[in-house]
Protein chains: 2
Amino acid sequence: MNAVNHCMSASPTGSSNGDLRRTILDTARHLLVQKGYQNLSMRKIAREIDYSATSIYLYFDNKDALLHALIHEGMMKLYADLDATAHQYSDAPVRRLEALCNAFIEFGLANPEYYEIMFQLRPERMKRYPAEKYRQARQNLEFFSAALTQGADAGVFEVEDPRVSTSTIWASLHGTVSLLLAERVDVRIERETFIDTAVRQTIRSYTPSGQPAPSG
Amino acid sequence: MNAVNHCMSASPTGSSNGDLRRTILDTARHLLVQKGYQNLSMRKIAREIDYSATSIYLYFDNKDALLHALIHEGMMKLYADLDATAHQYSDAPVRRLEALCNAFIEFGLANPEYYEIMFQLRPERMKRYPAEKYRQARQNLEFFSAALTQGADAGVFEVEDPRVSTSTIWASLHGTVSLLLAERVDVRIERETFIDTAVRQTIRSYTPSGQPAPSG
DNA sequence: ATGCAGTGATTAACGGCGTTCATCAACAAT
DNA sequence: ATTGTTGATGAACGCCGTTAATCACTGCAT
């Protein structure tokens, strides 16, 4: 009818040429990061790219599927961060674990909207999340697990069950990020101090002496 | 018109007599606990109590205000739990802190819907939350703070800044509860084991020897 | 008794949401 | 020339929170 012809856009960028799926995803990411998860709606995405809302359903089964794609992006970004950090301290498990903890927290604080959909979404919303991606997401924990076991082998860490310890470390980090993002930490506490203490105490609970080991 | 006369209900219970505000709150709590926060809507509450949705606005400014009332309830319930726990170990700081940690986690697992609105709501939703209640909510942390400082005075805890330490403990506990509620803990790990380890490691990071102190 | 203000409730409506359905235009293949 | 496919659309359904206008009823002052 009076719809704009989308086949050959007059825009010279060519960004919306062919694969609309990419454009939708880019816009969704942009909207998520700019306005937060609360303001991420199918209709707003559609408005932004000047398509009808129903068009999105040609490329994504539903809103959750679109969200899963964004979560996947976030997981890959986190993976890249942790991977770079791990390589930086490849031969010092303690320092590496410390750096990994800091990297995780920094990721959360730098990408709050990503963090929310990645780790703070209620289980119901995640029910449809494909198990294959679940496994990929869990790979991020492998960095911590590896540092723990290598440290244990080197005698600088005291670890009963690496799997359990990895989870408890993750719990600490997740709690730290969550409290910071929700602005629920006592305002009289400096953010840096809080983070440093949290990381130090987390690692301290795995060093036999209770004191931080010298170098690795 | 065809509306039911609400002034004199035929129901002999008298529960909906007079203060509708109470009834709304009770129904909201019931709906929250039964169906979760996702399914808590003004219209559903209204349907449940056979009133129009707009009637709720005669007693609550908006949905957030209603939510704040529920949050307050949850905070008081948590306070009661922690208070009872603290009194049980009034003369043993270490044991008390351990019991407090377990009590907090148990509260979260036993009241997941309350926990969600109390601690997992995004900042935007909490913007209107009255500061006076914020302070009351923070009182729950005092139990942990007290155990820490008393333990430090007795020489069984090594605490630099009690305020910071309290926050990091809270972070650990919050992370632990969040991961469990979101079902994101490795399924091969037993829940009990995970909780015990998390609590033990949390406390361990504040004991000078790195080992749990004997009795208090 | 009549009029009036206040109270507690209602319906209608607005604009938002995710999603489904029927339809339509353009194109490719027969 | 007819068919089928593909990519897009508008209308509609049933939700949602919230606002505005309205109504019935009460108690009270005149």
Side-chain angles (χ1 to χ4, degrees), chain A residues 1-11 15-25 27-28 31-32 35-70 117 121-122 124-129, chain B residues 1-11 16-25 27-28 31-32 35-70 117 121-122 124-128:
Chain A
M1 293 284 201
N2 56 354
V4 184
N5 180 10
H6 285 297
C7 297
M8 279 293 171
S9 172
S11 121
S15 79
S16 68
N17 229 356
D19 68 0
L20 180 53
R21 193 192 143 93
R22 244 288 87 84
T23 309
I24 292 172
L25 220 80
T27 309
L31 224 51
L32 172 75
K35 314 276 183 177
Y37 174 58
Q38 289 260 358
N39 286 91
L40 180 64
S41 82
M42 301 298 256
R43 297 178 120 108
K44 277 179 184 164
I45 296 171
R47 240 173 277 146
E48 195 81 13
I49 61 179
D50 228 59
Y51 273 78
S52 76
T54 52
S55 293
I56 303 180
Y57 288 85
L58 298 173
Y59 302 93
F60 297 92
D61 279 358
N62 44 50
K63 192 183 178 182
D64 277 356
L66 204 164
L67 210 59
H68 294 336
L70 289 175
I117 64 171
L121 238 46
R122 302 263 66 201
E124 315 108 46
R125 282 248 149 259
M126 298 298 296
K127 275 288 183 281
R128 313 196 218 181
Y129 195 65
Chain B
M1 295 280 198
N2 56 355
V4 184
N5 179 10
H6 283 300
C7 297
M8 280 292 170
S9 171
S11 120
S16 68
N17 229 356
D19 73 2
L20 181 52
R21 194 191 142 93
R22 219 349 24 111
T23 309
I24 292 172
L25 241 134
T27 308
L31 223 52
L32 172 76
K35 315 276 183 179
Y37 175 59
Q38 290 259 358
N39 286 89
L40 181 65
S41 81
M42 302 297 255
R43 297 177 118 109
K44 277 178 185 165
I45 296 171
R47 241 172 276 145
E48 195 81 14
I49 61 178
D50 228 59
Y51 273 77
S52 77
T54 51
S55 293
I56 302 179
Y57 288 85
L58 298 174
Y59 301 93
F60 296 92
D61 279 358
N62 45 48
K63 191 183 179 182
D64 278 356
L66 204 165
L67 210 58
H68 294 335
L70 290 175
I117 64 172
L121 238 45
R122 301 263 67 205
E124 316 111 43
R125 281 247 151 261
M126 299 298 296
K127 275 289 184 281
R128 311 195 218 180

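A note on names: the letters A, B, ... follow the listed sequences, proteins ahead of strands, and every chain is numbered from 1.
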query: Is it true that a side-chain atom of N62(A) and a backbone atom of D64(A) form a donor plus acceptor pair closer than 3.5 Å?
result: yes
- prompt: Is the distance from OP1 or OP2 of dA8(D) to the nearest side-chain N or O of Y51(A) less than 4.0 Å?
  reply: yes
message: Could you tell me how far apart I49(A) (CD1) and dA8(D) (C1') are, to the nearest whole angstrom?
response: 12 Å
- prompt: What integer distance in Å separates R21(A):CZ from dG7(D):P?
  reply: 13 Å
message: So, taking the atom named CZ in R47(B) and the one named CD1 in I49(B), what distance separates them when rounded to the nearest 0.5 Å?
response: 12.0 Å
task: Calculate the interatomic distance between L67(B) atom CG and dG17(D) atom C1'; express it in whole Å.
output: 13 Å
- request: Estimate the overall bend of the helix from dA1(C)-dT30(D) to dT30(C)-dA1(D) from the end axes over five pairs each, rounded to 10 degrees.
  value: 40°
- request: Look at the side-chain N and O atoms of Y59(B) and state whether any lies under 4.0 Å from the OP1 or OP2 oxygen of dA9(C).
  value: yes
- request: Please test L20(B) against L58(B) for side chain to side chain contact (heavy atoms under 4.5 Å, CB included), starting from the C-alpha separation and ending with a verdict.
  value: CA-CA 10 Å; L20(B) 181 52; L58(B) 298 174; over 6 Å; no
- request: Evaluate the side chain to side chain contact (heavy atoms under 4.5 Å, CB included) criterion for residues L66(B) and L40(B): first the C-alpha distance (whole Å), next the side-chain angles of each, then the deciding distance (0.1 Å), finally the verdict.
  value: CA-CA 11 Å; L66(B) 204 165; L40(B) 181 65; 5.5 Å; no
Base versus backbone protein contacts along nucleotides 14-23 of chain C [heavy-atom cut-off under 4.0 Å; B, S, -]: ---BBBBB--
message: Just so I know, are the side chains of Y57(A) and M42(A) near enough to count as touching, which here means a heavy-atom distance under 4.5 Å?
response: yes
query: Which is it for I24(B) and Y51(B) under the side chain to side chain contact (heavy atoms under 4.5 Å, CB included) test, yes or no, and what are the steps along the way?
result: CA-CA 10 Å; I24(B) 292 172; Y51(B) 273 77; over 6 Å; no
- request: Could you tell me which non-hydrogen atom of S41(B) sits nearest to which non-hydrogen atom of K63(B), and how far apart they are?
  value: CA-NZ, 4.3 Å
query: In whole Å, what is the span from the CG atom of L58(A) to the P atom of dT5(D)?
result: 16 Å
message: Expressed as a whole number of angstroms, how long is the span from D19(A):CG to dT6(D):P?
response: 17 Å
query: What residues form a ring-ring contact (aromatic ring centres under 6.0 Å, His included) with Y129(A), not counting sequence neighbours?
result: H68(A), Y134(A)
